[in-house]
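Structure, as structure tokens:
In what follows, every heavy atom counts, from backbone to side chain, and hydrogens, waters and symmetry copies are set aside. These numbers come from a predicted model, not from an experiment.
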Amino acid sequence: MAGDYSGIISNILSFDQMKNIKMLFSLVLIILCFTLSGQNAKNSGKKSENGKETGNQSGTNRIAGSTFLMSAETSDMLDLNETLTSLYLMEKSPLKVFQNYRDIYDSYYKFSIVELDVDVTSFIPPSSSRQGLNTPYYVSWFLIDSTLYLGNITFFDKGAIESAFPDNKQYRIMEELTQVKFDKKLGQKYALQNSKEIEYGLMPAIWVNDTLLVKRGRGPYFNSRQEHIDYYRKAGVPKPKFYPVTSIEEWHKTPCIELVFQKGKLVSMKEREGMH
């Protein structure tokens with residue numbers, strides 16, 4: 001049957017017409033191949049104008065390549081008070097023991113999830129799609145003389161502080177949750193001695209009887225110290241340290257650190273095998 005149709009078409013069309021149709025058909029196939037090839041390249045890795053991966057694609061790949069990032073459920077940061085190191089990413093918040101810690105401020109302000117275009121290996125941003133990362137604030141923790149302290153409380157929605165939490169009301173609400181007071185004098189002393197910005201005070205985390213997993217954050221490349229500072233201020237870290245930047249490959253190989261606390265006191269610190 002196919003042969004009969006071929007003969008009919010050949011009889012109707014001249015030789016030149018058949019040749020033109022074949023050329024047109026070949027051209028259509030070439031255009032289709034180029035279109036599909038471009039679409040596949042776009043899907044496999046979106047590139048920005050400077051040839052680097054865009055933030056979302058880069059973040060997705062880096063989370064998939066890190067067992068730590070895949071299990072992380074907080075944007076909280078830990079300062080181990082080390083020299084020439086970054087802040088540490090945390091797998092979970094020490095506040096997790098309090099069931100309602102994520103929404104203690106919800107009755108004071110209508111929060112919306114703020115999407116931050118930051119490197120997930122330097123700061124874990126909030127997310128409406130990941131469990132635990134839909135918290136409207138994050139905490140900066142400090143390890144001082146083997147004691148864990150709750151320090152600054154930072155809202156992702158900057159408008160919340162002025163409209164709903166005048167006179168640092170958010171810290172008094174945190175005291176109600178933990179039943180522990182902030183030590184303002186200790187906060188001032190520590191800030192002065194270590195060139196840090198402590199907004200209100202330091203609260204000893206005496207409720208923490210847990211194992212915390214942390215991983216040193218990795219900063220993206222900066223042309224100057226000021227670019228580094230501006231980047232972290234945008235992410236809510238007011239006074240970051242300047243530290244050598246490691247490559248993403250080196251960062252993935254860096255092991256996590258396991259910190260064991262009893263009543264807020266550090267009793268054990270070691271590398272966690274098999275967790276990167």
Side-chain angles (χ1 to χ4, degrees), residues 54-60 62-63 69-79 87-142 148-184 187 196-203 205 207-208 210 212 217 229-240:
T54 59
N56 291 337
Q57 184 71 20
S58 175
T60 302
R62 289 172 184 178
I63 289 176
L69 289 177
M70 290 178 67
S71 63
E73 55 181 42
T74 183
S75 298
D76 287 8
M77 304 287 283
L78 174 64
D79 189 336
L87 300 174
Y88 281 74
L89 310 178
M90 306 182 74
E91 183 192 29
K92 64 181 178 182
S93 175
L95 290 172
K96 190 176 181 180
V97 66
F98 304 104
Q99 293 184 354
N100 62 329
Y101 82 96
R102 291 192 179 98
D103 53 18
I104 58 172
Y105 299 115
D106 286 2
S107 61
Y108 299 88
Y109 187 83
K110 186 176 181 180
F111 293 97
S112 58
I113 296 298
V114 178
E115 298 293 339
L116 297 179
D117 185 18
V118 296
D119 190 329
V120 294
T121 62
S122 299
F123 180 82
I124 301 174
S127 172
S128 58
S129 61
R130 291 188 63 190
Q131 179 65 29
L133 289 175
N134 55 352
T135 308
Y137 69 97
Y138 78 93
V139 172
S140 298
W141 301 85
F142 298 87
L148 183 64
Y149 289 92
L150 189 158
N152 297 331
I153 300 171
T154 304
F155 292 101
F156 295 110
D157 186 343
K158 302 304 180 182
I161 298 177
E162 297 180 0
S163 61
F165 305 102
D167 302 321
N168 291 316
K169 185 178 179 179
Q170 67 270 30
Y171 292 95
R172 296 192 293 275
I173 297 173
M174 184 62 71
E175 288 179 335
E176 294 176 3
L177 175 71
T178 64
Q179 294 299 298
V180 182
K181 295 290 185 180
F182 280 93
D183 189 330
K184 295 183 181 180
K196 297 182 184 294
E197 292 186 13
I198 305 297
E199 187 175 48
Y200 189 77
L202 291 171
M203 175 190 289
W207 65 86
V208 178
D210 201 356
L212 300 179
I229 292 174
D230 292 343
Y231 175 88
Y232 278 98
R233 279 180 175 167
K234 181 181 178 181
V237 182
K239 209 167 185 180

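- Rounded to the nearest 0.5 Å, atoms OH (Tyr200) and NZ (Lys184) are 3.5 Å apart.
- For Phe111 and Phe155, the gap between ring centers is short of 6.0 Å.
- Expressed to the nearest 0.5 Å, how far CZ of Phe142 lies from CG of Leu150 amounts to 9.5 Å.
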Worksheet entry | Residue pair Tyr105, Lys169: steps toward the side chain to side chain contact (heavy atoms under 4.5 Å, CB included) verdict | CA-CA 10 Å; Tyr105 299 115; Lys169 185 178 179 179; over 6 Å; no
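- Looking only at side-chain heavy atoms (C-beta outward), Pro136 and Asp106 come within less than 4.5 Å of each other.
- The heavy-atom pair separating Ser75 from Pro125 by the smallest distance is OG-C, 3.7 Å.
- Summarising the geometry of Ala205 relative to Trp141, their closest heavy-atom pair is CB-CZ3, 4.0 Å, with the distance given to 0.1 Å.
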Discussion item. Run the side chain to side chain contact (heavy atoms under 4.5 Å, CB included) test on Leu95 and Met174 for me, step by step, so that the C-alpha distance in whole Å, both residues' side-chain angles and the decisive distance to 0.1 Å come before the verdict.
Written reply: CA-CA 10 Å; Leu95 290 172; Met174 184 62 71; 3.8 Å; yes
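- Exactly one residue among Thr135, Thr74, Asp76 makes a side-chain hydrogen bond (donor to acceptor under 3.5 Å, both in side chains) with Ser93. That residue is Asp76.
- Ring geometry for Phe182 versus Tyr171: interplanar angle over 60°, hence perpendicular rather than tilted (30 to 60°).
- With values rounded to the nearest 0.5 angstrom, Ile124 atom CD1 is found 4.5 Å from Leu89 atom CG.
- Here OG1 of Thr178 is found 5.5 Å from CZ of Phe98. Values are rounded to the nearest 0.5 Å.
- Scanning both residues, Glu175 and Lys181, for their nearest heavy atoms gives OE2-CA, 3.5 Å.
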Practice prompt. With side chain to side chain contact (heavy atoms under 4.5 Å, CB included) as the test, would you mind laying out the steps for Leu78 and Leu212 before giving the verdict?
Written response: CA-CA 10 Å; Leu78 174 64; Leu212 300 179; over 6 Å; no
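- When every heavy atom of Glu91 is checked against every heavy atom of Ser71, the shortest pair comes out as OE2-OG, 2.9 Å.
- Of the inter-residue distances, the one linking Asp167 atom CG with Arg172 atom CZ reads 6.0 Å to the nearest 0.5 angstrom.
- For Asp210 and Lys92, the salt-bridge test passes: some basic side-chain N is under 4.0 Å from an acidic carboxylate O.
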Worksheet item: Should Tyr109 and Asp157 be marked as a side chain to side chain donor-acceptor pair (under 3.5 Å) after you check the CA-CA gap, both sets of side-chain angles, and the distance that decides it?
Response: CA-CA 10 Å; Tyr109 187 83; Asp157 186 343; 3.2 Å; yes
Practice prompt. Given side chain to side chain donor-acceptor pair (under 3.5 Å), test Gln170 with Tyr137 step by step and report yes or no.
Written response: CA-CA 10 Å; Gln170 67 270 30; Tyr137 69 97; over 6 Å; no
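- Put simply, the side chain of Ile173 reaches to within 4.5 Å of the side chain of Tyr108, judged on heavy atoms.
- Looking at Ser140, its side chain never comes within 3.5 Å of a backbone N or O of Met77 through a donor-acceptor pair.
- Between the OH atom of Tyr88 and the CG atom of Asp79 there is a distance of 9.5 Å, given to the nearest 0.5 Å.
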Practice prompt. Let me see the working for Val97 and Val208 under side chain to side chain contact (heavy atoms under 4.5 Å, CB included), right down to the final yes or no.
Written response: CA-CA 8 Å; Val97 66; Val208 178; over 6 Å; no
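- The closest donor-acceptor contact from the side chain of Asn152 to the backbone of Glu197 lies under 3.5 Å.
- Within the 4.5 Å cutoff, side-chain heavy atoms of Leu177 are placed close to those of Asn100.
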